[in-house]
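Notes to accompany the following structure.
Since we're looking at a predicted model, the values are computed, not measured.
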Amino acid sequence: MTHLWVRAEQRPHEERVGLTPDGAAALIAAGIRVTVEESSVRAIPMQGYKDAGCEVAPENSWPDAPHDAIIFGLKELPEDGSLLPHRHIMFGHAFKGQNSGRALLDRFAAGGGTLYDLEYLVDESGRRVAAFGYWAGYAGAAVTLKAWAAQQHGSVCGPAGVYPGKNALNNELLATLDSTGADRPTAIVIGALGRVGTGAADLCEAMGVAVTKWDMAETASGGPFPEILDHDIFLNCIFARPGTPVFVPRDALTAPRQLTAIGDVACDPDSDYNPVPVYDRATTWDDPVLRVASDPVLDVMAIDNLPSMLPVESSEDYAAQLLPSLLTLTDLEQGVWGRAKATFDAHMERT
């Protein structure tokens, strides 16, 4: 029997989960065994999973799960160097040249396990079957607007936090922007036709921020793109990949510009293809922005688990998208799982 083991997230500020109780009930009805770890932080209460018929395991006990269990989580595993003998479903961030990704693949190679990377679960046309993109864009735009508002007060953006829903986030942000006494900033979103860009643009428009929406047609020339520097805020919603142009080069730090805040929602600072190479590390919930220039000021927001700011809405949305694929776990050689395994195998050959 196929056995899906939903692990507790171990990363700080991570309350999301990729399977809801209703989804778990559907998997059990389809003949899939489901174990859910207890969690001290998960946004969806444990009782719902118990009522759905899931087995319960202690928090963070997945290393001792049966060898045939498929371990399902969202964010990365602890970087403790341990061998990984299981099959894992998660966002591995391992296939785009990231240093931490190479170390993760080494652990899979040593343990004999397999990574089914959630970013590479795609249909026959190559489109991802599930993504948190909309909520990443929405939350990322919100934090970047907070950074801009802090600048108007001569300060730096304070810590990010979790919200019970988008209405609470919107109400707080509207008050923050109003408190500046300034006109609303202008923003440019690149990747505006995708899920991430749509979320970013929706948040901006809800705040009364004028948005310039660019996508592939506007960036096909490969750059440079001086128009970006003529906006107060730039929201990068294009994930790094070979051929991605540079949107804000390093010389922009000293160039004349209106731009004072960048929200790199895609957040791939250590990728070989980073399109915003003015910073070198992800930012955190405690320190949401990195000040990369001071005359004029330029702050970069690059939190890499933005949907966690809205954990209930983002979990429910993502889980609904992913459930049809989870229902096919009984045949890992075909469909989305077969394609994800082929991607893993190809990258393992290069390590």
Could you report the tightest heavy-atom contact between [X] and [Y], atom names first, then the distance?
| X | Y | answer |
| --- | --- | --- |
| Leu105 | Ala94 | CD1-O, 3.7 Å |
| Gly18 | Tyr318 | CA-CD2, 4.3 Å |
| Gly140 | Val265 | CA-CG2, 4.3 Å |
| Gly165 | Glu313 | CA-OE1, 3.3 Å |
| Lys75 | Asp304 | NZ-O, 3.1 Å |
| Gln258 | Asp230 | OE1-O, 3.0 Å |

Is there a side-chain hydrogen bond (donor to acceptor under 3.5 Å, both in side chains) between Ser82 and Asp80? Walk through the geometry before answering.
CA-CA 6 Å; Ser82 61; Asp80 57 11; 2.8 Å; yes

For Ser125 and Asp123, test the side chains for any donor-to-acceptor distance below 3.5 angstrom and give the result as yes or no.
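Present: a donor and an acceptor within the cut-off.
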
What I'd like to find out is whether the side chain of [X] reaches to under 4.5 Å of the side chain of [Y], using heavy atoms alone.
| X | Y | result |
| --- | --- | --- |
| Asn236 | Pro275 | yes |
| Met309 | Val162 | no |
| Leu19 | Leu322 | no |
| Pro66 | Trp5 | yes |
| Asp264 | Asn274 | yes |

What class does the angle between the rings of Phe95 and Tyr120 fall in, given that below 30° is parallel, 30 to 60° is tilted and above 60° is perpendicular?
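Rings of Phe95 and Tyr120: perpendicular, over 60°.
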
Parallel, tilted or perpendicular: rings of Phe91 and His93 (30°, 60°)
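The arrangement is parallel - the two ring planes meet at less than 30°.
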
Option from Phe344, Phe72, Tyr116, Trp62 for which ring pair (Phe, Tyr, Trp, His ring centres under 6.0 Å) with His88 holds
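Result: among Phe344, Phe72, Tyr116, Trp62, Trp62 is the only option passing the ring pair (Phe, Tyr, Trp, His ring centres under 6.0 Å) with His88.
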
Go through the steps for Asp317 and Trp135 under the test side-chain hydrogen bond (donor to acceptor under 3.5 Å, both in side chains), then give the verdict.
CA-CA 9 Å; Asp317 182 18; Trp135 297 106; 3.1 Å; yes

Salt bridge present between Glu37 and Arg42 (N-O < 4.0 angstrom):
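No, no charged N to carboxylate O under 4.0 Å.
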
Kindly determine whether Asp106 and Arg102 satisfy salt bridge (Lys or Arg N to Asp or Glu O under 4.0 Å), including the steps that lead there.
CA-CA 6 Å; Asp106 287 343; Arg102 295 186 184 97; over 6 Å; no

Among Gln10, Arg11, Arg16, the one residue meeting side-chain hydrogen bond (donor to acceptor under 3.5 Å, both in side chains) with Glu14
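When Gln10, Arg11, Arg16 are each tested with Glu14, the side-chain hydrogen bond (donor to acceptor under 3.5 Å, both in side chains) holds only for Arg16.
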
Run the side-chain donor-acceptor check on residues 197-212: report pairs under 3.5 Å with partners two or more places apart or on a different chain.
unit_1: Thr198; atom_1: OG1; unit_2: Gly194; atom_2: O; d: 2.7
unit_1: Asp202; atom_1: OD2; unit_2: Tyr134; atom_2: OH; d: 2.8
unit_1: Glu205; atom_1: OE2; unit_2: Lys213; atom_2: NZ; d: 3.0
unit_1: Thr212; atom_1: OG1; unit_2: His231; atom_2: NE2; d: 2.8

Could you state the interatomic distance from CG (Leu327) to OG1 (Thr2), rounded to the nearest 0.5 Å?
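If we round to the nearest 0.5 Å, Leu327:CG and Thr2:OG1 are 11.0 Å apart.
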
What residues join Leu290 in its hydrophobic cluster, counting side-chain heavy atom gaps under 4.5 Å, either direct or through other members?
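So far as hydrophobic clustering goes, Leu290 is joined with Ile188, Ile190, Trp214, Phe225, Ile228, Leu229, Phe234, Ile238, Phe247, Val248, Leu253, Leu259, Ile262, Val276, Val278, Tyr279, Val292, Leu298, Val300.
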
Atom CD of Glu79: over 12 foreign heavy atoms under 6.0 Å
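No, CD of Glu79 has 12 or fewer neighbouring heavy atoms, counting only those of other groups under 6.0 Å.
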
What residue pairs, at least two apart or across chains, pass ring pair (Phe, Tyr, Trp, His ring centres under 6.0 Å) with a residue in residues 280-307?
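Qualifying pairs, neighbours excluded: His13-Trp285.
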
Go through the steps for Arg184 and Asp178 under the test salt bridge (Lys or Arg N to Asp or Glu O under 4.0 Å), then give the verdict.
CA-CA 9 Å; Arg184 291 294 195 258; Asp178 289 345; 2.9 Å; yes

In a check of side-chain contact (heavy atoms from CB on, under 4.5 Å) between Cys237 and each of Val196, Asp215, Leu193, which one passes?
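Answer to the side-chain contact (heavy atoms from CB on, under 4.5 Å) test with Cys237 among Val196, Asp215, Leu193: Val196.
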
